[in-house]
Amino acid sequence: MTSQAGAGAGTGAGRREPSHALRIFLPWLVVSVVADWLIWSVWGPHLPPGDMASAASNQQFDIKVMAVIAAPVTAFVLIYFGYALVVWRQRDGDETDGPALHGHARVQATWITVTTVIVLALFGFGTYELMTAQGAGAGEGPSPIWAPAGSAPLQVQVIGQQWRFTYRYPQFGGFESTQLMLPEGRWVEFHVTSLDVIHSFWAYQLGVKADANPGVDNTAFTRPTQLGQVTVRCAELCGLWHGAMADTGKVVTPAAFESWAKSTQARLASVTRMLPPYATTYDPTVVPAINKAMAKAGITGANGYFYPPQDPVQP
């Protein structure tokens, strides 16, 4: 009985089984601390989508938090797996059965408690992030659950159409432009809609991504904090030239934005009068009818039926 118990508990008679838990815990602790520090301090500031706007910074923060939580879990799985392969592997010529496994109330309770705490904490964190400014860059529909307090934000209507985005500025007479210009340091309230099929407005560096659905006003908020160029793409398959539905916007100083907006408002005044009055959504059967007039005004692609230059069939 003594020899059998010794064979089952250790590697040989008279030898005590090492503390496997300690052997796994100490390397895991070191790896987890180093990995979390690298993620937060070194890798974190370079995570997408960057920090050019409030929504982007919030998304970067969320990714960092999730990565910091995931790193110790991943490290534990890998270290435990590697330790098991090295220490508990079957030796050559050893055909005996391993020791019987039995329930361990403390391990089971610890496992259930730790995993429950992690899941509930992530649920609470994710819910809070979505219901505050951190979730403002995603489309929140016509009745957003969060809006910035204080001074009135700049309103920009994003109109998706095959295959281009155009932008109306209701606070500057409602003119429509193919240029997306935004001021630094001011909250922007996007109202995203479509004239034809479903599109998705994705302003990457701003951390804004909102679906453009016909007849729907989809609201999103962000506050640009840095000057620079913004990549705009359609993130919803919308037809033949979906891949060409890409453009760039620009974040400029408040003075430069005011100058651009007022000069553009004056330059497009005659065209603006031909547009339907500003509204959160438009009748898709009416707006395309004035496309030719808009094209003559030099606003290529406004109000639907935009054809890229490489398209052999032009309207």
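Here, residue 1 is the first one in the sequence, and each next residue gets the next number.
Taken to the nearest 0.5 Å, the OG atom of Ser177 stands 12.0 Å off from the CZ atom of Arg168. Note that CD of Gln226 is 11.0 Å distant from CG of Leu206, once rounded to the nearest 0.5 Å. Residue Arg273 holds its CZ atom at 11.0 Å from CG of Leu268, rounded to the nearest 0.5 Å. The distance from the OG1 atom of Thr113 to the CD atom of Gln108 is 11.5 Å, given to the nearest 0.5 Å.
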Output, in order, the C-alpha distance, side-chain angles, deciding distance and verdict of side chain to side chain donor-acceptor pair (under 3.5 Å) for Glu176 and Thr272. CA-CA 7 Å; Glu176 184 174 1; Thr272 303; over 6 Å; no
Run Asn58 and Glu129 through side chain to side chain donor-acceptor pair (under 3.5 Å) and show every step you take. CA-CA 9 Å; Asn58 293 332; Glu129 294 291 280; over 6 Å; no
List the steps and the verdict of side chain to side chain donor-acceptor pair (under 3.5 Å) for Asp211 and Ser200. CA-CA 4 Å; Asp211 287 344; Ser200 182; 3.3 Å; yes
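Using a distance-only test at 3.5 Å, with no hydrogens or angles considered, a donor-acceptor pair links the side chain of Ser54 to the main chain of Arg223. Between the Asn218 side chain and the Ala212 main chain, no donor and acceptor come within less than 3.5 Å of each other. With His199 contributing its side chain and Glu236 its backbone, the two residues share no donor-acceptor pair below 3.5 Å. At distances below 3.5 Å, not a single donor-acceptor pair connects side-chain atoms of Glu189 with backbone N or O atoms of Gln155.
Two residues are said to be in side-chain contact when any heavy atoms from C-beta on lie closer than 4.5 Å; Leu122 and Ile69 meet this criterion. Inter-residue side-chain proximity for Gln161 and Ile159 is flagged as met; some heavy-atom pair is nearer than 4.5 Å. Asp36 is listed as a side-chain neighbour of Pro72, based on a closest heavy-atom distance under 4.5 Å. Val252 is listed as a side-chain neighbour of Met181, based on a closest heavy-atom distance under 4.5 Å. Within the 4.5 Å cutoff, the side chain of Met245 has heavy atoms near those of the Cys238 side chain. Proximity of Asp51 to Thr225: side-chain heavy atoms (C-beta onward) are nowhere separated by under 4.5 Å. Contact check for Thr193 versus Val158: no side-chain heavy atoms found under the 4.5 Å cut-off. The shortest side-chain heavy-atom distance between Arg23 and Pro18 falls under the 4.5 Å cut-off.
Just one of Tyr278, Trp260, Phe257 meets the ring-ring contact (aromatic ring centres under 6.0 Å, His included) condition when paired with Phe172; it is Phe257. Exactly one residue among Tyr282, Tyr167, Tyr169 makes a side-chain hydrogen bond (donor to acceptor under 3.5 Å, both in side chains) with Gln157. That residue is Tyr282.
Val192 and Val208 fall within a single hydrophobic cluster, where Ile, Leu, Val, Met, Phe, Trp and Tyr are joined by side-chain heavy atoms under 4.5 Å apart, directly or via other members. Connection of Ile63 to Ile118 is established within a shared hydrophobic cluster, with ILVMFWY side chains joined at heavy-atom distances below 4.5 Å, either directly or through further cluster members. Phe221 is not connected to Val251 by any chain of hydrophobic side-chain contacts under 4.5 Å among Ile, Leu, Val, Met, Phe, Trp and Tyr, and they are in different clusters. Both Trp241 and Phe165 are members of a single hydrophobic cluster when ILVMFWY side chains are connected at heavy-atom separations under 4.5 Å. Hydrophobic clustering (ILVMFWY, side-chain heavy atoms < 4.5 Å, transitive): Phe125 and Met131 are in distinct clusters.
Under a 4.5 Å side-chain heavy-atom cut-off, the cluster of Ile, Leu, Val, Met, Phe, Trp and Tyr residues that includes Tyr83 is completed by Leu22, Ile24, Phe25, Leu26, Trp28, Leu29, Val31, Val33, Phe76, Ile79, Tyr80, Val86, Val87, Trp88. Counting Ile, Leu, Val, Met, Phe, Trp and Tyr side chains that sit under 4.5 Å apart, directly or through other members, Tyr204 shares a hydrophobic cluster with Trp202. Ile112 forms part of no hydrophobic cluster, judged by ILVMFWY side-chain heavy-atom separations under 4.5 Å. When hydrophobic residues (I, L, V, M, F, W, Y) are linked wherever their side-chain heavy atoms come within less than 4.5 Å, Val216 remains an isolated member.
The shortest non-hydrogen separation linking Asp247 to Arg164 is OD2-NH2, 4.1 Å. When all heavy atoms of Thr281 and Gly215 are compared, the closest pair comes out as CG2-C, 3.4 Å. Nearest approach of Thr219 to Pro142, heavy atoms of both residues: OG1-CA, 4.2 Å. Contact record, Gly207 with Ala55: O-CB, 3.5 Å, taken as the closest heavy-atom pair. Scanning all heavy atoms of the two residues, the minimum distance from Asn213 to Ile198 falls at OD1-CG2, 3.2 Å.
Atom CZ of Arg233 is surrounded by 12 or fewer heavy atoms from other residues, nucleotides or ligands within 6.0 Å. Residue Lys250 qualifies as open at atom NZ: its count of foreign heavy atoms under 6.0 Å is 12 or below.
For residues 177-197, every residue pair satisfying the ring-ring contact (aromatic ring centres under 6.0 Å, His included) rule, not counting sequence neighbours, is listed here: Trp146-Trp187, Phe190-Phe201.
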Just distance, no hydrogens or angles: give the donor-acceptor pairs under 3.5 Å from side chains in residues 41-49, sequence neighbours left out.
from, atom 1, to, atom 2, distance (Å)
Ser41, OG, Trp37, O, 3.4

